[in-house]
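Have a look at the structure below, then the notes.
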Amino acid sequence: RNCAEELRNVKVLVPDAELPDLTEEEVYLHELDGMKVVLENGSLVGRITAFQFNLGSEVWVITTDDKKEVLFPATEEFVVDIDIEKETVTIAPPPGLLELYLSEK
């Protein structure tokens with residue numbers, strides 16, 4: 001445990017060439033960093049700027065152009081498409097999620 005504590009907040013870097021191959025349905029998080037996030041109708045939500053892991057759930061931090069942050073649950077249910085070539089992620093957020101973060105209140 002003490003040895004592990006010494007590594008807290010340390011980044012571990014692995015060359016891309018040494019990463020395991022993924023299936024067509026998988027991506028590495030570093031590939032998503034900075035990608036545009038759009039709704040199914042094509043409207044821009046923002047860009048992925050960080051990742052959080054809460055109780056085993058993957059959460060993307062999406063930052064809008066006006067610097068608001070949306071904590072988005074990255075589940076198969078809400079992530080419609082990831083296009084690595086176009087650097088775009090299409091989402092279908094649960095009802096009310098975007099309004100919760102983006103309302104003026």
Side-chain angles (χ1 to χ4, degrees):
R1 177 176 173 192
N2 291 340
C3 291
E5 277 295 321
E6 291 178 20
L7 295 176
R8 184 181 297 270
N9 297 321
V10 172
K11 289 186 178 185
V12 177
L13 304 176
V14 178
D16 284 345
E18 293 184 28
L19 292 172
D21 292 332
L22 300 176
T23 68
E24 286 185 27
E25 297 173 357
E26 297 176 312
V27 295
Y28 285 109
L29 291 180
H30 74 270
E31 296 177 299
L32 300 178
D33 193 27
M35 278 195 171
K36 289 188 305 189
V37 178
V38 298
L39 299 175
E40 291 177 288
N41 66 9
S43 60
L44 179 68
V45 177
R47 292 189 177 271
I48 298 173
T49 55
F51 305 96
Q52 297 178 1
F53 298 92
N54 303 325
L55 300 173
S57 297
E58 182 178 319
V59 176
W60 297 345
V61 178
I62 301 170
T63 304
T64 65
D65 285 343
D66 58 351
K67 305 298 183 227
K68 291 183 180 178
E69 287 188 345
V70 175
L71 300 181
F72 181 76
T75 65
E76 288 183 31
E77 180 181 2
F78 304 133
V79 177
V80 176
D81 183 58
I82 297 174
D83 190 326
I84 297 293
E85 291 179 12
K86 292 182 181 178
E87 297 184 359
T88 302
V89 177
T90 304
I91 62 170
L97 179 80
L98 293 182
E99 292 79 9
L100 176 69
Y101 288 102
L102 303 179
S103 69
E104 294 300 320
K105 293 182 181 178

Practice task
Check salt bridge (charged side-chain N to carboxylate O under 4.0 Å, His left out) between Lys68 and all other residues, then give those that pass, not counting sequence neighbours.
Solution key: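 If we apply the salt bridge (charged side-chain N to carboxylate O under 4.0 Å, His left out) test to Lys68, skipping adjacent residues, the hits are Glu104.
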
Exercise for the section: Answer with yes or no whether the hydrophobic clustering places Phe53 together with Ile48; edges join I, L, V, M, F, W, Y residues whose side-chain heavy atoms lie under 4.5 Å apart. Expected result: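 Yes, it is one cluster - the side chains of Phe53 and Ile48 are joined through contacts under 4.5 Å.
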
Under 3.5 Å, which donor-acceptor pairs link side chains of residues 26-40 to any protein atom two or more places apart or in another chain?
from  : atom 1 : to    : atom 2 : distance (Å)
Glu26 : OE1    : Thr23 : N      : 3.0
Glu26 : OE1    : Thr23 : OG1    : 3.4
Tyr28 : OH     : Pro20 : O      : 2.5
Glu31 : OE1    : Tyr28 : N      : 2.8

Problem - Other cluster members, Leu55 - Ile/Leu/Val/Met/Phe/Trp/Tyr, side-chain contacts below 4.5 Å - result: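 Grouped by the 4.5 Å side-chain rule, Leu55 forms a cluster of one, so the answer is none.
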
Show me, pair by pair, the donor-acceptor contacts under 3.5 angstrom made by side chains of residues 93-102, not counting sequence neighbours?
from  : atom 1 : to    : atom 2 : distance (Å)
Glu99 : OE1    : Gly96 : N      : 3.3

Handout entry: Partners passing side-chain hydrogen bond (donor to acceptor under 3.5 Å, both in side chains) against Asn2 (at least two apart in sequence or in another chain)
Key =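 Scan of Asn2 (side-chain hydrogen bond (donor to acceptor under 3.5 Å, both in side chains), adjacent residues dropped) gives none.
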
Practice task
Please name all residues satisfying side-chain hydrogen bond (donor to acceptor under 3.5 Å, both in side chains) with Glu5, sequence neighbours left out, ordered by chain then number.
Solution key: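 Per chain and number, Glu5 pairs via side-chain hydrogen bond (donor to acceptor under 3.5 Å, both in side chains) with Arg8.
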
Donor-acceptor list for residues 81-89 side chains, cut-off 3.5 Å, not counting sequence neighbours:
from  : atom 1 : to    : atom 2 : distance (Å)
Asp83 : OD1    : Glu85 : N      : 3.1
Asp83 : OD1    : Lys86 : N      : 2.9
Thr88 : OG1    : Lys86 : O      : 3.0

Problem - Residue pairs fulfilling side chain to side chain donor-acceptor pair (under 3.5 Å) with at least one residue in residues 47-66, sequence neighbours excluded - result: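 For residues 47-66, and leaving out neighbouring residues, the side chain to side chain donor-acceptor pair (under 3.5 Å) pairs sorted by first residue read Thr49-Thr63, Glu58-Trp60, Thr64-Asp66.
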
Tabulate below the donor-acceptor pairs under 3.5 Å that side-chain atoms of residues 70-79 make, not counting sequence neighbours, or state none.
none

